[in-house]
Amino acid sequence: MLNRVPLIICDDANSDDAALISAISEKWGFPVVSSSEKPREGLYLQVQNGVLGLADAGEKKVNPVEVDFASPASLYRKQHGGGRKEPIVKAIGLKGNEAWHVVDATPGLGRDAFVLVSVGCKVTMIERSPVVAALLEDGIRRLALSFPELAAKMSLQHGNSAEVMQYFTGENVNAIYLDPMFPHKKKSALVKKEMRLFQQLLGHDPDADALLPPALELASHRVVVKRPNSADVLAGIKASMAIESKKHRFDVYLCQKNLGE
Ligand SMILES: C[S@@+](CC[C@H](N)C(=O)[O-])C[C@H]1O[C@@H](n2cnc3c(N)ncnc32)[C@H](O)[C@@H]1O
């Protein structure tokens with residue numbers, strides 16, 4: 001996993017972008033590099049028009065990857081039923097439980113987390129990659145400018161969830177969602193360019209099994225694990241049930257503490 005990538009400052013950056021770059025670099029420790037020193041290969045972060053993005057110097061045609069909670073697709077989803085039909089919402093069992101507190105222990109670009117927020121949940125995201133955490137933080141900051149009520153339902157912690165969940169303090173956690181990276185065939189056309197970039201940054205998560213035991217300990221109601229259809233259950237622990245879609249499966253673990261509810 002790459003923990004640090006350069007943060008490029010363009011020679012013609014406006015003062016707002018320059019201020020954002022220095023705040024991000026100070027918080028996350030990314031080295032600031034001028035655009036003339038931009039690497040010819042590899043990943044780098046940039047700020048353009050107030051948005052932090054992750055780009056690949058070798059893939060000039062691919063747009064930088066950003067966290068965009070207020071994208072038209074996300075907002076369409078929110079306005080048209082708020083994602084209630086999404087398999088993740090069914091798997092977590094949110095019907096009638098929309099106000100649950102959910103920990104997303106593998107948030108990535110926060111797409112699934114935003115589906116949960118859009119149906120009414122409060123979501124705590126715990127992300128271990130500083131690059132991804134910085135992208136998420138920037139997404140929450142921009143969401144707060146247009147939808148402060150939604151941004152207020154999202155919080156972010158930086159760390160390894162397998163550890164953070166063991167010492168989690170604060171509000172009761174009703175459900176935990178796990179969606180660790182899974183190795184894809186390298187040159188498959190199905191692996192989108194954005195996903196390739198992510199794999200270059202993070203690799204896959206060979207320690208994913210370590211997430212399930214502390215999650216089962218912490219959640220009061222459910223733990224849900226997203227897996228490719230072909231994959232084994234996480235940590236060899238059998239799920240209470242599975243919800244299948246075309247490419248994925250949601251393994252649902254009902255927590256013993258609340259089986260009667
Ligand atoms: C497949 S992505 C998740 C995608 C996400 N569900 C979405 O909707 O965008 C997996 C993410 O989990 C993070 N991750 C994996 N293991 C972790 C751990 N032990 N602690 C914290 N984050 C972890 C990875 O860094 C990566 O960003």
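Just so you know, ligand 1 is whichever comes first in the structure, and atom 1 is the first atom listed for that ligand. Keep in mind that what you see is a predicted model, and the values were worked out from it rather than measured.
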Checking side chain to side chain contact (heavy atoms under 4.5 Å, CB included) against V123, which of L156, V103, D104, V115 comes through?
D104

Between N160 and Q166, does the side-chain contact (heavy atoms from CB on, under 4.5 Å) criterion hold? Intermediate values first, please.
CA-CA 10 Å; N160 182 343; Q166 286 180 50; over 6 Å; no

Of all the non-hydrogen atoms in the protein, which one sits nearest to atom 14 (N) of ligand 1, and at what distance?
T106 CG2, 3.9 Å

Shortest protein heavy-atom distance from atom 20 (N) of ligand 1, along with the residue and atom involved:
S161 N, 2.8 Å

Between Q199, E127, R128, which one has a non-hydrogen atom sitting closest to atom 13 (C) of ligand 1?
E127

Parallel, tilted or perpendicular for F69 and F114, by the 30°/60° rule?
parallel

Do D207 and R128 meet the salt-bridge criterion of a basic N to acidic O distance under 4.0 Å?
yes

What atoms in ligand 1 come closer than 4.0 Å to a heavy atom of I126?
21 (C), 22 (N)

Subset of ligand 1 atoms that lie under 4.0 Å from at least one heavy atom of L211:
19 (N)

Heavy atom to atom 26 (C) of ligand 1, shortest distance: which of V115, L178, L202 holds it?
L202

Considering non-hydrogen atoms of the protein only, which is the closest contact for atom 9 (O) of ligand 1, and what is the distance?
L109 N, 3.2 Å

Begin with the C-alpha distance, continue with both residues' side-chain angles, and end with the deciding distance and a verdict on side chain to side chain donor-acceptor pair (under 3.5 Å) for S220 and N172.
CA-CA 7 Å; S220 60; N172 176 56; 3.2 Å; yes

In ligand 1, the atoms that come under 4.0 Å of a heavy atom of G159 are 20 (N), 21 (C)

For atom 5 (C) of ligand 1, grab the closest protein heavy atom and report residue, atom and distance to one decimal in Å.
P107 O, 3.2 Å

May I ask you to identify the nearest protein heavy atom to atom 15 (C) of ligand 1, giving residue, atom name and distance to one decimal place in Å?
D205 OD2, 3.0 Å

So which heavy atom in the protein is nearest atom 8 (O) of ligand 1, and how far is it from that ligand atom?
D112 N, 2.9 Å

Return the CE to CG distance between M241 and L254, rounded to the nearest 0.5 Å.
5.0 Å

Looking only at heavy atoms of A208, does any of them come nearer than 4.0 Å to an atom of ligand 1?
no

Rounded distance [0.5 Å steps], CZ in R227 versus CG in L178:
9.5 Å

Atom indices of ligand 1, in the order listed, that fall short of 4.0 Å to a heavy atom of N160:
18 (C), 19 (N), 20 (N)

A113, portion touching ligand 1 at heavy-atom distance under 4.0 Å
neither

Counting heavy atoms only, which of D179, L135, V132 comes nearest to atom 10 (C) of ligand 1?
D179

Derivation and outcome, side-chain contact (heavy atoms from CB on, under 4.5 Å), residues Q199 and F182:
CA-CA 9 Å; Q199 281 175 359; F182 194 81; over 6 Å; no

Numbered atoms and elements of ligand 1 in range of A105, under 4.0 angstrom, heavy atoms
20 (N), 21 (C), 22 (N), 23 (C)

For I8 and L45, run side-chain contact (heavy atoms from CB on, under 4.5 Å): C-alpha distance rounded to whole Å, both residues' side-chain angles, the deciding distance at 0.1 Å, then the answer.
CA-CA 6 Å; I8 309 297; L45 286 163; over 6 Å; no

Y253 and L212, any side-chain heavy atoms less than 4.5 Å apart
yes

